[in-house]
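Quick notes on the structure that follows.
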Protein chains: 2
Amino acid sequence: MKDYDELLISLRRITRAIDLYSKRLQKETNLTISQLLVMDAIVKIDKPTPSAIAKSILLSQATVTNLIDRLVKNGLVERKRLGTDKRTINIVLTQQGEQKYQDAPELLQSEFLRKYRELENWEQHLLVSAISRVATMMDAEEIDASPILTLGEIGIRDQ
Amino acid sequence: MKDYDELLISLRRITRAIDLYSKRLQKETNLTISQLLVMDAIVKIDKPTPSAIAKSILLSQATVTNLIDRLVKNGLVERKRLGTDKRTINIVLTQQGEQKYQDAPELLQSEFLRKYRELENWEQHLLVSAISRVATMMDAEEIDASPILTLGEIGIRDQ
DNA sequence: GATAATTAATTCGACTTCTAAATATAGTTT
DNA sequence: AAACTATATTTAGAAGTCGAATTAATTATC
């Protein structure tokens, strides 16, 4: 028995629940959470490039390329060279992608959201700040390697 | 902006930090967190079978089979038929596996553990109970499909 | 005792995720 | 202008993860 066993098991439960939800979504809508996150970023970022998307949703560039490949294959997004710098690529939603995005499910389990929204405000804050505290304690070591940017820095339009 | 954006990003930070730590461990020790969890379960469970291991560390049986394959390939565990029921297989550590298990690193980042252990007791409890609450809110839907067992039910020896 | 239902484990196929290496373009230096 | 250096993206390779299908063995039912 370690002093962090309970923490570890709770974290496993959370990541597993998220993973299972992602797989359920894929069966139901043909979209995983990660793919949805990418589409979400495309909508929210001004002139979205793979690297900007990667930063905004905390994935490596290689992973984003992979996810975009899949979205392209399903006809939901397209790669376009729009800027003058020919190294960069902009990702845009197709008509079909727009539609799918409109109808997209939430990024967290509806049951979870229902419960979460039932909580008092202070309770929500307590949960969020605890989780965020753990996140900070946990990813501190990575921060040098790949700095967490603020939303502003990557051109998120707040709305 | 969704009302759960901050939560989502914190959860991503946590899962990412864990994943990166796992990959770092693999480079340094040739063992991932998942593989370590399996070895841990083997030590703690009486007559460990793939299914018992899967239940105890919250992974599907298929995943555990996969992890065991890898451990076998690296000479750390062996599959043995010990019981009378010829369907079941018991997993045992090899000599080398024992050794590796002794020297194994912690399952969470040492930096995280250092910070965690510096906290006051009440603060630790606050974090753990918040995380565990989120876990409960999140995996409630899965519980029917695959019930979370107590440690006792799968034969964990406490200590 | 033969057939059906259940259980344990594995295999298969699909997806996510990473790092490191490869490509291509842009910017800087001399 | 040629040769570095830096940046953006993709490719390659390796693990983890699951559900569904498969195989083998056990238990239950008639």
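Here is how names work: the chains are called A, B, and so on, in the same order as the sequence lines, proteins then strands, and each is numbered from 1. Quick note: numbers below take in every heavy atom, side chains included, and nothing from hydrogens, waters or symmetry partners.
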Donor-acceptor pair, side chain of Tyr101(A) and main chain of Val43(A), under 3.5 angstrom
no
Picking from dC18(C), dA14(C), dC18(D), which would you name as closest to the side chain of Gln26(A)?
dA14(C)
Any base atoms under 4.0 Å from Arg70(A), or only sugar-phosphate, or nothing? Heavy atoms, all strands.
base
Without decimals, in angstroms, what is the distance between Leu82(A) CG and dT25(C) C1'?
17 Å
Has Asn74(A) got a side-chain atom pairing as donor or acceptor with Leu71(A)'s backbone, closer than 3.5 angstrom?
no
Does Arg81(A) put a side-chain nitrogen or oxygen below 4.0 Å from OP1 or OP2 of dA8(D)?
no
Closer than 4.0 Å, any side-chain N/O of Ser60(A) to the OP1 or OP2 of dC18(C)?
yes
Under 4.0 Å between any heavy atoms, over every strand shown, what does Thr15(A) touch: base, sugar-phosphate, or nothing? Just pick one.
nothing
Can you confirm whether more than 12 heavy atoms, excluding those of Gln95(B), are under 6.0 Å from its CD atom?
no
Please confirm whether the shortest side-chain N or O distance from Arg16(A) to OP1 or OP2 of dC18(D) is below 4.0 Å.
yes
Selection residues 82-98 of chain B - residue pairs positive for salt bridge (Lys or Arg N to Asp or Glu O under 4.0 Å), sequence neighbours left out:
Asp85(B)-Arg87(B)
Check whether Lys100(A) reaches the backbone of Thr29(A) with its side chain - one donor and one acceptor, N or O, closer than 3.5 Å.
yes
Donor-acceptor contact below 3.5 Å, side chain Glu78(B) vs main chain Thr94(B):
no
In whole angstrom, give the distance that lies between atom NZ of Lys86(A) and atom P of dT7(D).
20 Å
In whole angstroms, how far is the C1' atom of dT16(C) from the CD atom of Gln35(A)?
10 Å
Can a donor-acceptor pair be found, under 3.5 Å and without considering hydrogens, that links the side chain of Glu123(B) to the backbone of Glu120(B)?
yes
Would you mind reading off the distance between Asn30(A) atom CG and dC15(C) atom C1', rounded to a whole angstrom?
12 Å
Taking for each residue the nucleotide of DNA chain C bearing the nearest heavy atom, is the 5' side occupied by Leu59(A) or by Lys27(B)?
Leu59(A)
From the options Arg16(A), Arg12(A), Arg13(A), select the one residue that forms a side-chain hydrogen bond (donor to acceptor under 3.5 Å, both in side chains) with Asp139(B).
Arg13(A)
Roughly, in whole Å, what's the span from CG in Leu67(A) to P in dA14(C)?
17 Å
Donor-acceptor contact present, side-chain Ser10(B) to main-chain Ile131(A), <3.5 Å:
no
What are the atom names and distances for every N/O pair under 3.5 Å that joins the protein to nucleotides 4-11 of chain C?
residue	atom	partner	partner atom	Å
dT7(C)	O2	Arg87(B)	NH1	2.8
dA9(C)	OP1	Ile89(B)	N	2.9
dA9(C)	OP1	Ile89(B)	O	3.3
dA9(C)	OP2	Ser51(B)	N	3.1
dA9(C)	OP2	Ser51(B)	OG	2.6
dA9(C)	N7	Gln61(B)	NE2	3.2
dT10(C)	OP1	Arg79(B)	NH1	2.6
dT10(C)	OP2	Thr65(B)	OG1	2.9
dT10(C)	OP2	Arg79(B)	NH1	3.3

OH of Tyr21(A) versus C1' of dT16(C): gap in Å, rounded?
17 Å
Do other residues, nucleotides or ligands put more than 12 heavy atoms under 6.0 Å from the CD atom of Gln102(B)?
yes
Distances under 3.5 Å between nitrogen or oxygen atoms of protein and nucleotides 2-4 of chain D:
none

Interatomic distance, Leu20(B) CG vs dT19(C) P [rounded to whole Å]
6 Å
Whole angstrom value for the distance that separates C1' of dT17(D) from CG of Asp139(B):
17 Å
For a quick check of understanding: with a heavy-atom distance under 4.0 Å over all strands, which category does Thr32(B) fall into, base, sugar-phosphate or nothing?
sugar-phosphate
Would you kindly compare Lys23(B) and Asp19(A) by the position of their nearest DNA chain D nucleotide and give the one closer to the 5′ end?
Lys23(B)
